[in-house]
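Structure record follows, encoded as structure tokens.
Below, each value reflects all heavy atoms present in this structure, side chains not excepted, and no hydrogens, waters or symmetry copies.
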Amino acid sequence: MTLSVALTHRLGRFDLYVAFDAPPGLTMLFGQSGSGKTTVINAVAGLLKPQAGRVALDERVFQDSARRIWLPPHRRDLGYIFQEGRLFPHLTVRQNLGYGRWFARRDTPRESLGRVVEMLGIGHLLDRRPALLSGGEKQRVAIGRALLAGPRLILADEPLAALDEARKAEILPYFERLRDEAAVPILYVSHSPAEVARLATTVVALQDGRVARIGPPSEVLGDPTFAPAGLRGIGAVLEARVVAHHADGLSELTAGGVQLFLPRVDLEPGRALRIRIAAHEVTLSLQRPEGVSALNILPGHVEAVRPGEGPGAIVSVHTPAGRVLSRVTRRSVAALGLEPGLACHAIVKTVAIAPEDVSGAISGADSATG
Amino acid sequence: MDWLGPDEWQAVALSLRVSFWATLAGLPPGIFIAYALARWSFPGRQVLNGLVHLPLILPPVVTGYLLLLTFGTRGPVGSLLQEIGIVFAFRWTGAALACGIMAFPLLVRAIRLSIEAVDPKLEQAAATLGASRPWVFASVTLPLILPGIIAGAILAFAKAMGEFGATITFVSNIPGETQTLPTAIYGFLQVPGGEGPAMRLVLVSVAVAMTALFLSEIIARRIARRVGGA
């Protein structure tokens with residue numbers, strides 16, 4: 001199933017024009033606040049009526065302003081996971097989970113309550129009311145409620161943004177499972193490059209109400225000319241495979257034949273995963289460095305140098321593991337004479353790779369380049 | 001209850017009946033108008049708001065007289081209704097109408113406040129889960145505004161129990177038909193030796209009002225606990 005979206009909407013001085021297709025898997029609407037992400041997802045849900053456009057899931061048309069078609073939200077067969085959970089305070093967790101089923105059409109394939117409850121680990125919460133749940137628990141119930149509505153399209157609007165780091169780490173794996181197991185497309189709004197790197201099948205990057213880039217995360221995040229989430233959000237994505245776990249707490253991986261060490265990863269050897277390497281954590285060296293503490297050294301050559309407006313520059317380095325981005329000063333660019341074609345090494349400290357930048361297992365395990 | 005004379009007992013029973021029906025009949029239009037005022041924007045919204053509040057500001061005698069003009073047997077609405085057998089003038093139903101109209105602003109205000117406190121995002125969430133507008137209202141909005149509805153109903157009931165001016169103007173003070181608690185107290189005070197029965201009715205009034213308040217507190221607290229204070 002493919003969701004196709006083409007919208008025009010003007011709100012005061014903000015003017016939105018967006019067109020994209022969301023194939024099966026998880027499509028991430030990615031951009032800073034004010035880029036139009038939430039407007040787009042609410043238009044797909046029918047909570048907002050854009051001035052013109054067409055939204056369709058395969059041949060089911062949600063909106064077609066040319067043909068004056070408009071389906072209200074309750075007839076779109078959605079599962080919408082909101083940032084704040086939006087659980088019904090007067091219902092128990094069990095009743096919240098069952099809410100969508102009252103209205104689901106009989107012919108929709110339904111998840112069983114038992115399976116969803118078990119997957120989300122919320123069995124002990126069923127008889128509680130939402131006021132007594134923690135933020136992470138609320139969000140898991142909200143995911144369950146959306147799944148049990150028998151949706152043909154799952155929408156999620158920054159579902160992790162209101163949670164602290166520990167709760168985020170608790171919820172992220174559920175979205176990874178959802179992406180891999182759900183048969184329906186998922187449209188997910190986020191401003192976090194880490195979530196893009198971990199979850200997205202396809203990225204639709206929005207900037208000022210326009211689609212700036214569409215592609216797989218390694219392509220969009222690895223684009224040195226594009227930083228929709230600000231300078232600290234720049235960083236390329238590599239795909240790697242787990243080789244072994246070592247006794248000192250490190251995991252050994254390989255990406256395109258390059259050996260990498262990460263803080264312990266919870267996957268068996270042989271499984272593939274994605275790693276986002278933030279550009280400001282990557283150091284460049286012309287010679288292979290000796291006597292440094294950093295464990296990850298990726299040989300390669302400079303692909304492009306893009307000076308920024310401030311003192312910095314983004315250097316993209318082609319390595320056997322894939323493209324790596326590095327943010328260095330313009331002074332260093334001059335001192336090292338960095339220019340396209342120059343051989344260099346990208347150096348990354350193991351501890352600079354944050355847990356939220358490392359995904360769970362991904363499919364397509366054997367290709368190790370992005 | 002032998003300490004109440006038959007006339008006094010009659011006035012108490014009638015007042016309870018009048019107030020009950022005034023409140024019950026006021027609830028459906030009260031909830032609808034409160035919802036419209038809280039959630040919809042439409043031309044004439046301020047006019048509707050003003051109309052609803054009119055009985056609160058007008059002298060009750062004026063309201064009663066306007067009711068008499070409209071719903072009296074010769075009034076435009078009253079004569080029509082009479083043809084299908086509904087008579088308000090000088091009947092207990094007229095007392096209920098007068099009390100209902102006088103209590104209506106209080107009912108609408110309380111319910112409107114509770115509707116404004118319901119987060120529309122919850123109603124949106126219900127819509128995305130497949131609930132149509134009426135279902136969203138029945139399964140999300142209505143349960144969440146129940147405390148407000150109960151508070152408004154108790155307030156309206158108490159107001160109806162105490163309504164005097166509009167009632168006596170519209171349906172007079174006929175024992176057994178339109179003589180409610182306040183008009184009975186007024187009647188007793190007009191005759192020599194009426195202080196005794198008047199005082200007993202005053203005590204009944206206080207008792208009914210206190211009971212209503214007490215009940216509303218208990219119900220509101222129970223519902224608040226159910227909703228979990230969220």
Side-chain angles (χ1 to χ4, degrees), chain A residues 38 41-42 44-48 62 71-93 95-106 108 110 128-133 138 141-142 144-157 187, chain B residues 27 31 34-36 38-42 110-154 216-230:
Chain A
T38 298
I41 198 169
N42 281 338
V44 170
L47 296 177
L48 175 146
F62 288 174
L71 222 55
H74 69 272
R75 292 179 52 205
R76 296 190 178 197
D77 298 324
L78 307 171
Y80 197 153
I81 302 155
F82 297 93
Q83 182 177 332
E84 338 79 84
R86 299 197 194 179
L87 300 180
F88 304 123
H90 58 297
L91 302 179
T92 62
V93 167
Q95 290 166 330
N96 265 286
L97 289 171
Y99 190 88
R101 318 188 101 195
W102 298 347
F103 305 104
R105 296 192 312 189
R106 303 217 187 283
T108 45
R110 294 188 195 174
R128 292 203 205 157
R129 287 191 190 277
L132 300 173
L133 304 184
K138 275 183 195 164
V141 174
R145 185 177 68 172
L147 291 182
L148 287 165
R152 294 178 187 210
L153 172 66
I154 294 173
L155 305 173
D157 186 7
L187 189 62
Chain B
L27 273 175
I31 293 170
Y35 192 86
R39 284 291 161 79
W40 298 336
S41 61
F42 52 92
I111 298 173
R112 180 181 170 178
L113 279 178
S114 66
I115 290 174
E116 281 168 350
V118 173
D119 189 351
K121 289 178 170 177
L122 288 176
E123 296 166 324
Q124 286 186 345
T128 65
L129 288 163
S132 60
R133 283 265 202 119
W135 274 114
V136 171
F137 182 78
S139 63
V140 176
T141 319
L142 200 58
L144 289 176
I145 63 171
L146 207 55
I149 292 179
I150 288 173
I154 302 264
S216 78
E217 281 291 315
I218 291 180
I219 296 169
R221 205 168 299 169
R222 190 168 294 178
I223 289 173
R225 203 180 309 138
R226 240 176 58 112
V227 175

Straight-line distance of B:Gln124 CD to A:Leu48 CG, nearest 0.5 Å: 9.5 Å
d(B:Leu122 CG, A:Phe82 CZ) to nearest 0.5 Å is 9.5 Å
Identify the two heavy atoms, one from [X] and one from [Y], that lie closest to each other, and give their separation to 0.1 Å.
{"X": "B:Ala125", "Y": "A:Arg145", "value": "CB-NH2, 4.0 Å"}
{"X": "A:Tyr99", "Y": "B:Trp135", "value": "OH-O, 4.3 Å"}
{"X": "A:His74", "Y": "B:Ala131", "value": "CB-O, 3.1 Å"}
{"X": "B:Leu129", "Y": "A:Ala146", "value": "CD2-CA, 4.5 Å"}

Under a 4.5 Å heavy-atom cut-off, does chain B meet the side chain of A:Leu87, its backbone, both or neither? backbone
Proximity breakdown for A:Arg86 and chain B, heavy-atom pairs closer than 4.5 Å: both
Tested for side-chain contact (heavy atoms from CB on, under 4.5 Å) against A:Pro89, the lone hit among B:Leu144, B:Val140, B:Asp119 is B:Leu144
Taking atom CZ of A:Arg75 as the centre, report whether more than 12 heavy atoms of other residues, nucleotides or ligands fall under 6.0 Å from it. no
With sequence neighbours left out, what residues match B:Arg39 under side-chain hydrogen bond (donor to acceptor under 3.5 Å, both in side chains)? B:Glu123
Answer yes or no: is there a side-chain heavy-atom contact under 4.5 Å between B:Ser139 and A:Leu91? no
